[in-house]
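Data first, discussion second: the structure below is written as structure tokens.
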Amino acid sequence: MVYTHDVKKAAEILSGSRFAIALTGAGISADSGIPTFRGRDGLWQGYRPEDLATPEAFRRDPVKVWRWYLWRLELISSAKPNDGHKALAALEKLGVLKCVVTQNVDCLHQLAGSRCVIELHGNIRRARCDNCGYKDDVSRILGDIPPHCPRCNHIMRPDVVWFGELIPDDIWEKTVELFTRSDVVLVVGTSSTVMPAAMLPVMSKEKGARIIEVNVESSALTYITDIFIRGRASVVLPAILREVENMIRR
Ligand code: OAD
């Protein structure tokens, strides 16, 4: 394997870490059959974010936005965690990884068994009412499109963070605390082009953390990484896990 040396090095850094965390993006779910956003086959090739993933788009045409989210939800609902998600869950079980902060809305980390998961951009399986704060599974409130809140009858929206919106305060505070505390950040499958997620590893780096990146191509963040492993998350992460397990057994 071309990257054996880097995999070993990454495993060494993770095994010796005090507080390692992971930041994941759409790339980790690519091998579960969920398209990424950017790149040749990315979702934003066929759709414009401003038509579908902004509060203005929702105000303009809630039916169109809901249809797009329901199409993605269908795709996500049939997807299963891949070996990359499972490796991160196993690293947490070993006590090596403390938490996964994800930009994904697909729930695949939780389904793989990760317990500490912070969803920066919300969860596509949930809907929420911005009028009274009611939240529920999309499957439970869906009748008409757009669905209406069973409590106050206001129109409900997907419980995700759109462009131009802020990450909820409680989630952001927890995230900043994790990235400030971490001594190792494992960045997986993100182009690192969307703020504020993209600045999180930079924040850790400035505090002395080491950055390991796994991606099929270099990203906007690769320049700050200590180790960059080019490859699919579903292949590289299990390889790192195996090395960590060997190191722990020794
Ligand atoms: P992107 O689509 O921008 O980037 C996906 C990254 O995954 C790219 O860097 C790819 O090279 C990499 N990649 C693809 N397949 C991979 C694989 N099998 N293994 C490892 N890496 C792989 O997705 P994100 O960075 O997650 O936000 O995008 C961030 C945010 O932009 C999303 O959360 C979403 C989007 O617009 C909102 O909707 C608010």
Side-chain angles (χ1 to χ4, degrees), residues 3 6-7 9-32 34 36 81-121 123 167 171-172 174-192 194 196-205 207 209-216 219-222 224-245 248:
Y3 46 67
D6 287 338
V7 166
K9 194 91 200 88
E12 245 166 55
I13 291 176
L14 282 164
S15 305
S17 66
R18 175 180 44 76
F19 198 86
I21 58 172
L23 173 67
T24 65
I28 194 166
S29 297
D31 286 341
S32 293
I34 301 174
T36 60
N82 63 53
D83 289 345
H85 299 104
K86 289 178 194 165
L88 291 186
L91 285 170
E92 183 185 7
K93 215 165 178 191
L94 287 172
V96 170
L97 199 65
K98 301 298 186 279
C99 205
V100 176
V101 177
T102 187
Q103 298 165 83
N104 300 345
V105 294
D106 57 26
C107 228
L108 291 185
H109 286 300
Q110 292 93 326
L111 290 173
S114 284
R115 289 158 71 116
C116 178
V117 180
I118 296 196
E119 295 174 315
L120 279 180
H121 294 164
N123 191 314
I167 291 168
I171 292 177
W172 183 244
K174 244 190 263 167
T175 301
V176 169
E177 199 227 315
L178 287 174
F179 279 84
T180 310
R181 236 176 117 186
S182 66
D183 59 342
V184 177
V185 182
L186 177 58
V187 183
V188 185
T190 173
S191 59
S192 295
V194 172
M199 73 177 214
L200 290 164
V202 180
M203 200 164 93
S204 306
K205 179 83 178 180
K207 297 207 170 286
R210 281 189 284 183
I211 314 293
I212 302 165
E213 183 178 28
V214 176
N215 199 310
V216 290
S219 74
L221 193 98
T222 306
I224 67 155
T225 57
D226 296 271
I227 300 178
F228 173 72
I229 306 176
R230 190 184 294 272
R232 283 156 52 199
S234 62
V235 175
V236 177
L237 295 176
I240 294 177
L241 170 67
R242 277 192 297 277
E243 285 299 329
V244 168
E245 283 170 338
I248 290 174

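With sequence neighbours left out, the side-chain contact (heavy atoms from CB on, under 4.5 Å) criterion links S32 to A79, N82, H85, L108. For D106, the side-chain hydrogen bond (donor to acceptor under 3.5 Å, both in side chains) criterion is met by S29, not counting sequence neighbours.
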Candidate pair H109 and I28, rule side chain to side chain contact (heavy atoms under 4.5 Å, CB included), full reasoning
CA-CA 10 Å; H109 286 300; I28 194 166; 3.7 Å; yes

K9 vs E12, test: salt bridge (Lys or Arg N to Asp or Glu O under 4.0 Å). Steps then yes/no.
CA-CA 5 Å; K9 194 91 200 88; E12 245 166 55; 3.7 Å; yes

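Q110 places a side-chain heavy atom less than 4.5 Å from the side chain of E119. Using a 4.5 Å heavy-atom threshold, the side chains of T175 and I167 count as separate. Between T24 and L88, some side-chain heavy-atom pair lies under the 4.5 Å cut-off. In this structure the side chain of L178 reaches within 4.5 angstrom of the side chain of F19, judged on heavy atoms. The shortest side-chain heavy-atom distance between L241 and L94 falls under the 4.5 Å cut-off. Between L186 and V214 the shortest side-chain heavy-atom distance falls below 4.5 Å. Counting heavy atoms from C-beta on, the side chains of T225 and V187 never come closer than 4.5 Å.
Under 4.0 Å is where a charged nitrogen must lie from a carboxylate oxygen, and between E245 and R242 no such pair does. The pair R210-D226 does not meet the salt-bridge criterion, since no charged nitrogen lies less than 4.0 angstrom from a carboxylate oxygen.
For N215 (side chain) and T190 (main-chain N/O), a donor-acceptor pair under 3.5 Å exists by modelled atom type. Judged purely by atom type and a 3.5 angstrom limit, S204 uses its side chain to pair as donor or acceptor with the backbone of F179.
Taking both residues in full, the closest heavy atoms of Q103 and G25 are given as NE2-CA, 4.0 Å, listed atom of the first, atom of the second, then distance. Closest non-hydrogen pair, S182 versus A209, comes out as O-CB, 3.5 Å. P238 approaches A87 most closely through the heavy-atom pair N-CB, 3.7 Å. Across all non-hydrogen atoms, the minimal contact from K205 to I211 is CD-CG1, 3.8 Å. Between A26 and N104, the shortest heavy-atom contact is N-OD1, 3.0 Å.
The 12-atom threshold is exceeded at NZ of K98, counting heavy atoms of other residues, nucleotides or ligands nearer than 6.0 Å.
Here CZ of R115 is found 13.5 Å from CG of L97. Values are rounded to the nearest 0.5 Å.
The stretch residues 14-23 participates, sequence neighbours left out, in no side-chain hydrogen bond (donor to acceptor under 3.5 Å, both in side chains) pair at all.
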